Amino acid sequence: MHLEEVAKRIIKNFPRNHKEKDPFKVLITTVLSQRSKDENTEIAANRLFEKYPTPQTLLKAKEEDLYELIKPAGLYRQKAKRIIEISKIIVNKFSGKVPDTLEELLTLPGVGRKTANIVLYVSFSKPALAVDTHVHRISNRLGWCKTKNPNETEFALMKLLPKDLWGPINGSMVKFGKNVCLPRNPKCDICPIYDYCKWEGKK
DNA sequence: AAAACGGGGGC
DNA sequence: GCCCCAGTTTT
């Protein structure tokens, strides 16, 4: 089976729907999600947006006030500082709109390639690969690439897959990574692409 | 390339 | 206590 067909099978088996598309909420939620579990991220994001739904409202927020709201996501001091700073830059430099290019997004504090690419794909429907540890690990396990870090994986996957698959395969791989292709004890017995995996460690 | 950053929650 | 968690920044 061709690599592209395997990718499509992953996408079919682990579909990912992004309900929220508002660029500001996607951006801030993704910053909150860094080094944090989904459930806790969601609690933090809901509490934050209930009080501060836009960058304009966040301009007046006190850092200490954000601590309590976003605490469940962890690293709350650092994140509170970044969220306020991001809001300032968006309002003052980008006329209140989240920028829609990789270069501009990367100028925001706490926004790296992974976070920027999520915004590009989810909110602006642009082809983008947000390569995190899951996508990195799985791409290498499958034998799609031999890369040292997520950055290299991003460029490897861009060459391997057509643009219209970048966003979908990314999200689906994360889901796959959390449900089946786990870092430590992968559930190879229920893996839908077991036959196409070149990993020596597979069981 | 590696270390620092710096916290909640589960076990 | 120790580990993981859709990372980013600094050294």
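A quick note: this is a predicted structure, and the numbers were derived from the prediction, not measured.
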Supply the atom-to-atom distance [X] [atom1] to [Y] [atom2], rounded to the nearest 0.5 angstrom.
X        : Y        : atom1 : atom2 : answer
A:Ile90  : A:Lys97  : CD1   : NZ    : 11.5 Å
A:Asn40  : A:Leu32  : CG    : CG    : 11.0 Å
A:Ile118 : A:Leu27  : CD1   : CG    : 10.0 Å
A:Thr107 : A:Leu102 : OG1   : CG    : 10.5 Å

Expressed in whole Å, how much space separates the [atom1] atoms belonging to [N] and [M]?
N     : M     : atom1 : value
C:dC5 : B:dC5 : C1'   : 15 Å
C:dT8 : B:dG9 : P     : 22 Å
B:dA2 : C:dA6 : C1'   : 22 Å

Name all residues meeting the salt bridge (Lys or Arg N to Asp or Glu O under 4.0 Å) criterion together with A:Lys37; count only those two or more places apart in sequence or in a different chain, and write none if there are none. none
Counting primed atoms, P, OP1 and OP2 as sugar-phosphate and everything else as base, the B/S/- map of nucleotides 6-11 of chain B against protein heavy atoms under 4.0 Å is BBSS--
One pair to check against side chain to side chain contact (heavy atoms under 4.5 Å, CB included): A:Ile10 and A:Leu142. What are the steps and the verdict? CA-CA 12 Å; A:Ile10 297 174; A:Leu142 289 173; 4.1 Å; yes
Has A:Ser33 got a side-chain N or O lying under 4.0 Å from the OP1 or OP2 atom of C:dG7? no
Are [Y] and [X] linked, directly or through intermediate hydrophobic residues, by side-chain heavy-atom contacts shorter than 4.5 Å (ILVMFWY only)?
X        : Y        : value
A:Leu165 : A:Phe124 : no
A:Ile43  : A:Leu69  : no
A:Leu58  : A:Val111 : yes
A:Leu108 : A:Val26  : yes

Touch check for A:Arg137, heavy atoms < 4.0 angstrom, all strands: base, sugar-phosphate only, or nothing? nothing
Look at all strands and tell whether A:Thr30 reaches a base, only sugar-phosphate, or nothing, counting heavy atoms closer than 4.0 Å. nothing
Send over the distance from [X] [atom1] to [N] [atom2], rounded to a whole Å.
X        : N     : atom1 : atom2 : answer
A:Ile70  : C:dC5 : CD1   : C1'   : 16 Å
A:Asn151 : C:dG7 : CG    : P     : 15 Å
A:Lys79  : C:dG7 : NZ    : P     : 9 Å
A:Ile28  : C:dG7 : CD1   : P     : 17 Å
A:Leu27  : C:dT8 : CG    : P     : 11 Å
A:His136 : C:dC5 : NE2   : P     : 14 Å

Should we say atom CD of A:Glu39 is surrounded by more than 12 heavy atoms from elsewhere, each under 6.0 Å from it? yes
Would you say that more than 12 heavy atoms from the other residues, nucleotides or ligands in this model lie under 6.0 Å from the CD of A:Glu104, or not? yes
Distance-only donor-acceptor hits, side chain of residues 194-203 of chain A, under 3.5 Å, sequence neighbours excluded:
{"residue": "A:Tyr194", "atom": "OH", "partner": "A:Lys203", "partner atom": "O", "Å": "3.1"}
{"residue": "A:Lys202", "atom": "NZ", "partner": "A:Tyr194", "partner atom": "O", "Å": "2.9"}
{"residue": "A:Lys202", "atom": "NZ", "partner": "A:Cys197", "partner atom": "O", "Å": "3.0"}

Determine, step by step, whether A:Glu85 and A:Arg82 satisfy the salt bridge (Lys or Arg N to Asp or Glu O under 4.0 Å) criterion, reporting the C-alpha distance in whole Å, the side-chain angles of both residues, the deciding distance to 0.1 Å, and the verdict. CA-CA 5 Å; A:Glu85 192 55 32; A:Arg82 286 175 176 174; over 6 Å; no
Got a sec, which hydrophobics cluster with A:Val91, joining ILVMFWY side chains under 4.5 Å apart, including via others? A:Leu59
Which pairs pass ring-ring contact (aromatic ring centres under 6.0 Å, His included) with one or both residues in residues 135-181 of chain A, sequence neighbours excluded? A:Phe14-A:Phe176
Run the side-chain donor-acceptor check on residues 178-187 of chain A: report pairs under 3.5 Å with partners two or more places apart or on a different chain.
{"residue": "A:Lys178", "atom": "NZ", "partner": "A:Asp38", "partner atom": "OD2", "Å": "2.5"}
{"residue": "A:Asn179", "atom": "ND2", "partner": "A:Lys175", "partner atom": "O", "Å": "3.0"}

Electrostatic pair A:Arg47:A:Glu50 at N-O distance under 4.0 angstrom: no
Taking Watson-Crick (N1-N3 plus N6-O4 or O6-N4) and G-U wobble (N1-O2, O6-N3), each under 3.5 Å, can you produce the dot-bracket string of DNA chain B? Use [ ] for crossing pairs and | for inter-strand ones. |||||.|||||
Scan residues 172-185 of chain A against DNA chain C and write down, sorted by residue number, each residue with any heavy atom closer than 4.0 Å; if none is found, say none. A:Val174, A:Lys178, A:Pro183, A:Arg184
Kindly state which residues belonging to residues 114-124 of chain A come within less than 4.0 angstrom of DNA chain C, counting heavy atoms of the residue only, listed by number. A:Lys114, A:Thr115, A:Ile118
N/O-N/O pairs, protein side and nucleotides 9-11 of chain C side, under 3.5 Å:
{"residue": "C:dT9", "atom": "OP1", "partner": "A:Gly110", "partner atom": "N", "Å": "2.7"}

Name every donor-acceptor pair, under 3.5 Å, that has one atom in a side chain of residues 15-23 of chain A and the other anywhere in the protein, sequence neighbours excluded.
{"residue": "A:Glu20", "atom": "OE2", "partner": "A:Asp22", "partner atom": "N", "Å": "3.0"}
{"residue": "A:Asp22", "atom": "OD2", "partner": "A:Lys25", "partner atom": "N", "Å": "3.1"}

What protein N or O atoms touch nucleotides 1-4 of chain B N or O atoms at under 3.5 angstrom, if any, and at what distances?
none

